[in-house]
There are 2 protein chains.
Amino acid sequence: MSTAAETTGGDIEPWGEVTPDAARRLLVAAVEAFAERGYHATTTRDIAGRAGMSPAALYIHYKTKEELLHRISRIGHERAVSILRAAAQGEGSATERLADAVSSFVRWHAGRRTTARVVQYELDALGPEAREEILALRRQCDAAVRGIIEDGVATGEFDVPDVKGTTLAVLSLCIDVARWFNVKGPRTPDEVGALYADLVLRMVGAGTSGAAQR
Amino acid sequence: MSTAAETTGGDIEPWGEVTPDAARRLLVAAVEAFAERGYHATTTRDIAGRAGMSPAALYIHYKTKEELLHRISRIGHERAVSILRAAAQGEGSATERLADAVSSFVRWHAGRRTTARVVQYELDALGPEAREEILALRRQCDAAVRGIIEDGVATGEFDVPDVKGTTLAVLSLCIDVARWFNVKGPRTPDEVGALYADLVLRMVGAGTSGAAQR
DNA sequence: AGCCGCACTAAGCGCCCGCTCACCTTCGGC
DNA sequence: GCCGAAGGTGAGCGGGCGCTTAGTGCGGCT
């Protein structure tokens with residue numbers, strides 16, 4: 001049991017890559033504050049206070065408040081890309097890979113809801129340069145999902161008239177989980193992941209045609 | 001052609017109910033500013049400037065900046081409820097009514113994207129009392145859609161193992177349109193509405209069973 | 001023991017925020 | 001022609017913001 005090791009689910013202890021310790025505590029505090037109140041409604045004094053430090057301490061580790069958001073957003077998006085890429089490059093049929101991609105992506109949005117909320121909904125608070133960097137990562141997310149769907153159409157597993165539009169809808173459905181998911185609600189992240197994987201397979205028409213499905 | 005009349009699509013000229021004229025111009029300016037930058041990043045000076053007035057003029061018509069958001073949110077949610085209720089109480093089969101609900105709800109989110117964005121994503125900026133009022137309207141949206149899906153399950157048109165979860169997903173899918181829709185993008189609101197109606201019918205299994213579908 | 005370097009703090013600077021107030025027009029009623 | 005109400009303005013108040021700076025405590029090397 002190391003301080004920043006993988007957990008049983010293959011998930012990675014979050015923010016383990018951020019050093020030194022004080023910088024990580026500030027970043028975790030910022031994630032919580034941004035998720036609760038939004039970037040613009042969060043003060044640097046609030047972030048420092050949650051991390052048990054004085055307001056000035058923040059500026060030893062980060063140049064500005066925006067740099068904090070940028071770091072959070074990049075790390076979060078890299079995680080999102082790696083989740084979707086891992087599923088896309090898996091070994092099963094397109095049906096299995098799509099179900100895997102959706103259920104693990106949704107599990108992340110539900111289980112790490114505070115992070116996901118900041119990552120997905122505070123993009124506009126970044127400056128043009130940082131935003132463009134993040135948008136490139138989003139395009140990689142889109143490409144990973146679109147690739148799976150195209151595979152499924154090619155093998156005849158899926159029936160999808162509009163691949164780009166359907167890709168957009170699938171990602172949109174997953175991302176919006178970060179908006180409504182409630183930790184105290186009746187559903188666990190695993191349950192929502194399974195439900196959504198089923199719904200998405202229905203959206204692409206998996207299992208309704210006579211074509212080869214594994 | 002009156003100043004606040006219905007248009008060809010059955011849509012209502014927005015904000016026609018807000019009087020006097022100066023109050024309406026301020027409210028429209030606030031919708032644009034909140035949608036572009038978010039509530040907390042918008043200043044009262046910006047709102048007044050967009051409406052061609054001095055900062056002080058805002059406080060003749062509205063007590064606080066939050067009251068502006070509250071008014072926008074309530075009017076927007078009332079419109080959302082009326083769209084969904086009109087579809088739910090229509091005359092066709094559950095399949096037809098669900099397609100109608102989704103396509104018109106999506107058309108509103110895409111076509112009136114600035115309004116929808118404020119309505120759907122700035123809820124947390126309201127105080128507890130106003131938020132509770134708005135949440136009641138959201139529950140009515142949920143009830144309208146759930147009603148259609150329950151009808152379809154009862155008639156055998158739909159195959160839905162988890163009605164509550166599927167209702168949530170359908171609404172989530174529609175609402176998230178306000179986040180990603182781009183007026184300069186390749187799709188019109190009508191096209192997205194049609195695409196989404198098709199995807200949702202697939203999600204509920206309409207047209208796949210042997211049961212009565214009209 | 002002496003000292004350097006660095007993480008951190010107390011205090012506060014300059015700015016802009018939401019909001020107010022004293023005053024100014026415009027205009028219908030008599 | 002005068003009046004009061006309604007709707008608007010310019011100036012500015014108190015306060016909290018992001019961020020800076022001078023100084024402090026302390027662990028580790030010689």
Side-chain angles (χ1 to χ4, degrees), chain A residues 3 15 17-73 118 122-131, chain B residues 3 15 17-73 118 122-131:
Chain A
T3 54
W15 315 123
E17 65 213 86
V18 181
T19 56
D21 183 70
R24 180 171 52 249
R25 279 190 293 134
L26 283 164
L27 193 129
V28 169
V31 169
E32 285 170 11
F34 292 163
E36 259 178 44
R37 308 210 220 293
Y39 175 80
H40 288 294
T42 299
T43 71
T44 55
R45 285 164 177 82
D46 182 25
I47 297 169
R50 284 173 191 248
M53 295 165 136
S54 75
L58 195 151
Y59 294 91
I60 293 163
H61 300 283
Y62 301 96
K63 249 183 359 217
T64 62
K65 177 179 149 186
E66 192 192 322
E67 191 193 323
L68 261 170
L69 176 62
H70 185 192
R71 283 259 238 277
I72 293 165
S73 201
V118 177
E122 299 291 352
L123 181 67
D124 290 345
L126 290 171
E129 202 172 319
R131 179 159 56 232
Chain B
T3 55
W15 316 124
E17 66 213 85
V18 181
T19 55
D21 182 70
R24 180 171 52 249
R25 280 189 293 133
L26 283 164
L27 193 130
V28 169
V31 169
E32 285 171 11
F34 292 163
E36 261 178 43
R37 308 210 220 294
Y39 175 79
H40 288 294
T42 299
T43 70
T44 53
R45 285 163 176 83
D46 182 25
I47 297 168
R50 284 175 192 247
M53 295 164 135
S54 76
L58 196 151
Y59 293 91
I60 295 165
H61 300 282
Y62 302 95
K63 249 186 354 221
T64 62
K65 178 178 149 187
E66 192 191 324
E67 192 193 322
L68 260 169
L69 177 62
H70 185 193
R71 282 260 239 278
I72 292 166
S73 202
V118 177
E122 301 289 352
L123 181 66
D124 291 344
L126 289 171
E129 201 172 320
R131 180 160 53 234

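The figures here come from the full heavy-atom set of this structure, side chains too, leaving out hydrogens, waters and symmetry mates. Just so we're on the same page: letters track the sequence lines, and every chain starts at 1.
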#### Entry: Between D:dT24 (P) and A:Met53 (CE): distance, integer Å
20 Å
### Message
Any side-chain N or O of B:Tyr59 below 4.0 angstrom from OP1/OP2 of C:dT20?
### Response
no
### Query
For the pair made of NE2 in B:His40 and P in D:dC17, what is the distance, rounded to whole Å?
12 Å
#### Entry: Value in whole Å for how far the C1' atom of C:dG18 lies from CD of B:Glu66
12 Å
### Query
Does A:Lys65 make a cation-pi contact with A:Phe34 (under 6.0 Å, within 45 degrees of the axis)?
no
### Message
Using every non-hydrogen atom in the two residues, find where A:His61 and A:Leu26 come nearest and quote the distance to one decimal.
### Response
CD2-CD1, 3.8 Å
### Whole-Å gap separating P (C:dT20) and NZ (B:Lys65)
14 Å
#### Entry: Whole-Å distance separating the CG atom of A:Leu68 from the P atom of D:dG18
11 Å
### Task
Return yes if some donor-acceptor pair links the side-chain N/O of B:Arg25 with the main-chain N/O of B:Ala51 below 3.5 Å, else return no.
yes
### Message
Donor-acceptor pair, distance only, cut-off 3.5 Å: does the side chain of A:Arg131 make one with the backbone of A:Leu126?
### Response
yes
### Query
OP1, OP2 of C:dG18 versus side-chain N and O of B:Thr44: anything below 4.0 Å?
yes
### Message
How many whole angstroms separate atom CD1 of A:Ile60 from atom C1' of D:dT24?
### Response
12 Å
### Task
Sequence neighbours left out, what pairs pass salt bridge (Lys or Arg N to Asp or Glu O under 4.0 Å) with at least one residue falling in residues 49-64 of chain B?
B:Glu32-B:Arg50, B:Glu36-B:Arg50, B:Asp46-B:Arg50
### Summary
Here the helical stems involving DNA chain D, each at least 3 consecutive Watson-Crick or G-U pairs closer than 3.5 Å, sorted by first residue number, are C:1-30 with D:1-30
### Message
Between B:Tyr62 and B:Ala23 (side chain of the first, backbone of the second, donor and acceptor by atom type, cut-off under 3.5 Å), is there such a pair?
### Response
yes
### Message
Whole angstroms only, please: what is the OH-P distance between B:Tyr62 and C:dC19?
### Response
14 Å
### Summary
dist A:Glu67:CD -> A:Tyr59:OH (nearest 0.5 Å) comes out at 11.0 Å
### Message
Tell me the interatomic distance from B:Leu58, atom CG, to C:dT20, atom P, rounded to whole angstroms.
### Response
11 Å
### Task
For A:Glu122 and A:Leu69, indicate whether the former's side chain and the latter's backbone hold a donor-acceptor pair under 3.5 Å.
no
### Message
Can a donor-acceptor pair be found, under 3.5 Å and without considering hydrogens, that links the side chain of A:Tyr39 to the backbone of A:Val118?
### Response
no
### Message
Quick check on C:dC8: is either OP1 or OP2 less than 4.0 Å from any side-chain nitrogen or oxygen of A:His61?
### Response
yes
Mind listing the N/O atom pairs, protein and nucleotides 11-14 of chain D, below 3.5 Å?
unit_1: D:dG12; atom_1: O6; unit_2: B:Arg45; atom_2: NH2; d: 3.4

